[in-house]
Amino acid sequence: MTPREVAALLAYVVRLDPRLALDDPAAADERLAQWSDLLSDVPAQAHGWDAARTARDHIARSPYRIQPSDVSRPWHTHKADVLSRHVGTFEPTAHPNLDPDDVDGYRAALTAERRAVAAGKQAPTTHRALTAGPAAREVERRLAQLGTYMPRTVAQALAAQRPRRAERERLAATGAPDPLDVPCRYEHCLAARNQPCRDHRGNARSRPHPSRVDDATAHHGQDQHA
């Protein structure tokens, strides 16, 4: 938020909770500067997000005076949820001027798209339904590559004990790019294809590095055009 947007938010919360009113102009200016600093990376409004509504909900439910963190924490939780639902599938129709063979262009477009989703400027792209036709056959091909040695019902029951395999099967079933289909080019990782990314201690990460996600999405987009 800009200082002007923060000032408007403060004026709103003071109307809802008069205890927050400050008679000293110097104290009011200091509070505005503090809130502006702490909320500089929080938008006033975004897809599914409204800072004023978040502040109102806090005042309505909590007996404690609102703090900047009571707005910033819900925003970061909201952003993480949105990004977790964004499959990052590249849609060529959204970029008609982009050459399907332009890998760097794919990566740049995907990075810009993910940043727009994270900032709340663009709604996330959620899972697409794949039921029949070439897309469904592609799902079966990817699942076959992963290897199926047990009934689907058993695999679903064991998903909690094998989260990485379950996640790869979910990505295949929804037609989303699988980061483990490509090696990781992050210089401190360099995990091979089908192997999880590693942190600086050599431990397996629960999430792949962002550059690997970009590469997988670009690779996935090229496969769809092949």
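Basis for what follows: all heavy atoms, side chains included, without hydrogens, waters or symmetry-related copies.
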Sequence neighbours excluded, the answer for side-chain contact (heavy atoms from CB on, under 4.5 Å) partners of Thr2 is Arg4, Glu5
Sorted by chain and residue number, the ring pair (Phe, Tyr, Trp, His ring centres under 6.0 Å) partners of His200 (sequence neighbours excluded) come out as none
Name all residues meeting the side-chain hydrogen bond (donor to acceptor under 3.5 Å, both in side chains) criterion together with Asp37; count only those two or more places apart in sequence or in a different chain, and write none if there are none. none
Going by side-chain hydrogen bond (donor to acceptor under 3.5 Å, both in side chains), name the residues that satisfy it together with Asp50, two or more places apart in sequence or in a different chain. Gln45
Minimal non-hydrogen separation, [X] against [Y], with atom names:
X	Y	result
Cys189	Cys197	SG-CA, 3.6 Å
Ser72	Leu38	CB-O, 4.4 Å
Ala51	Pro43	CB-O, 3.9 Å
Leu9	Ala52	CD1-CA, 3.8 Å
Pro68	Gln34	CG-OE1, 4.5 Å
Pro196	Ala204	CG-CB, 4.1 Å

Heavy-atom neighbours of Arg207 CZ exceed 12 at 6.0 Å: no
For the CD atom on Glu30, are there more than 12 heavy atoms of other groups (residues, nucleotides or ligands in this structure) within a distance under 6.0 Å? no
Show the numbers, then the answer: is there a side-chain contact (heavy atoms from CB on, under 4.5 Å) between Val182 and Arg193? CA-CA 5 Å; Val182 298; Arg193 184 174 180 270; 5.9 Å; no
Starting from the C-alpha separation in whole Å, work towards a yes-or-no answer on side-chain contact (heavy atoms from CB on, under 4.5 Å) for Val71 and Ile66. CA-CA 8 Å; Val71 178; Ile66 190 170; 4.2 Å; yes
Distance-only check: which donor-acceptor pairs under 3.5 Å involve side-chain atoms of residues 10-26, not counting sequence neighbours?
unit_1	atom_1	unit_2	atom_2	d
Asp17	OD1	Arg19	N	3.2
Asp17	OD1	Arg19	NE	3.0
Asp17	OD2	Arg19	NE	3.4
Asp17	OD2	Arg19	NH2	2.9
Arg19	NH2	Pro63	O	3.4
Asp24	OD1	Ala26	N	3.1

Leu190 and Pro183, any side-chain heavy atoms less than 4.5 Å apart: no
Mind checking whether His58 and Thr54 have side chains closer than 4.5 Å, heavy atoms only? no
Apply side-chain contact (heavy atoms from CB on, under 4.5 Å) to residues Trp49 and Val42 and explain how you reach the verdict. CA-CA 10 Å; Trp49 166 262; Val42 178; 3.8 Å; yes
Which word best sums up how the rings of His78 and Trp75 line up, parallel for under 30°, tilted for 30 to 60°, or perpendicular for over 60°? tilted
Hey, any chance Leu32 and Trp35 share a hydrophobic cluster, counting ILVMFWY side chains that come within less than 4.5 Å of each other, even indirectly? yes
Check salt bridge (charged side-chain N to carboxylate O under 4.0 Å, His left out) between Arg31 and all other residues, then give those that pass, not counting sequence neighbours. none
Passes side-chain contact (heavy atoms from CB on, under 4.5 Å), Arg212 versus Leu180? Steps please. CA-CA 8 Å; Arg212 191 178 194 180; Leu180 269 62; 4.2 Å; yes
Give, for atom CZ of Arg185 and atom NE2 of His209, the distance between the pair rounded to the nearest 0.5 Å. 12.0 Å
To the closest 0.5 Å, what do you measure between CG (Asp181) and CG (Asp215)? 12.0 Å
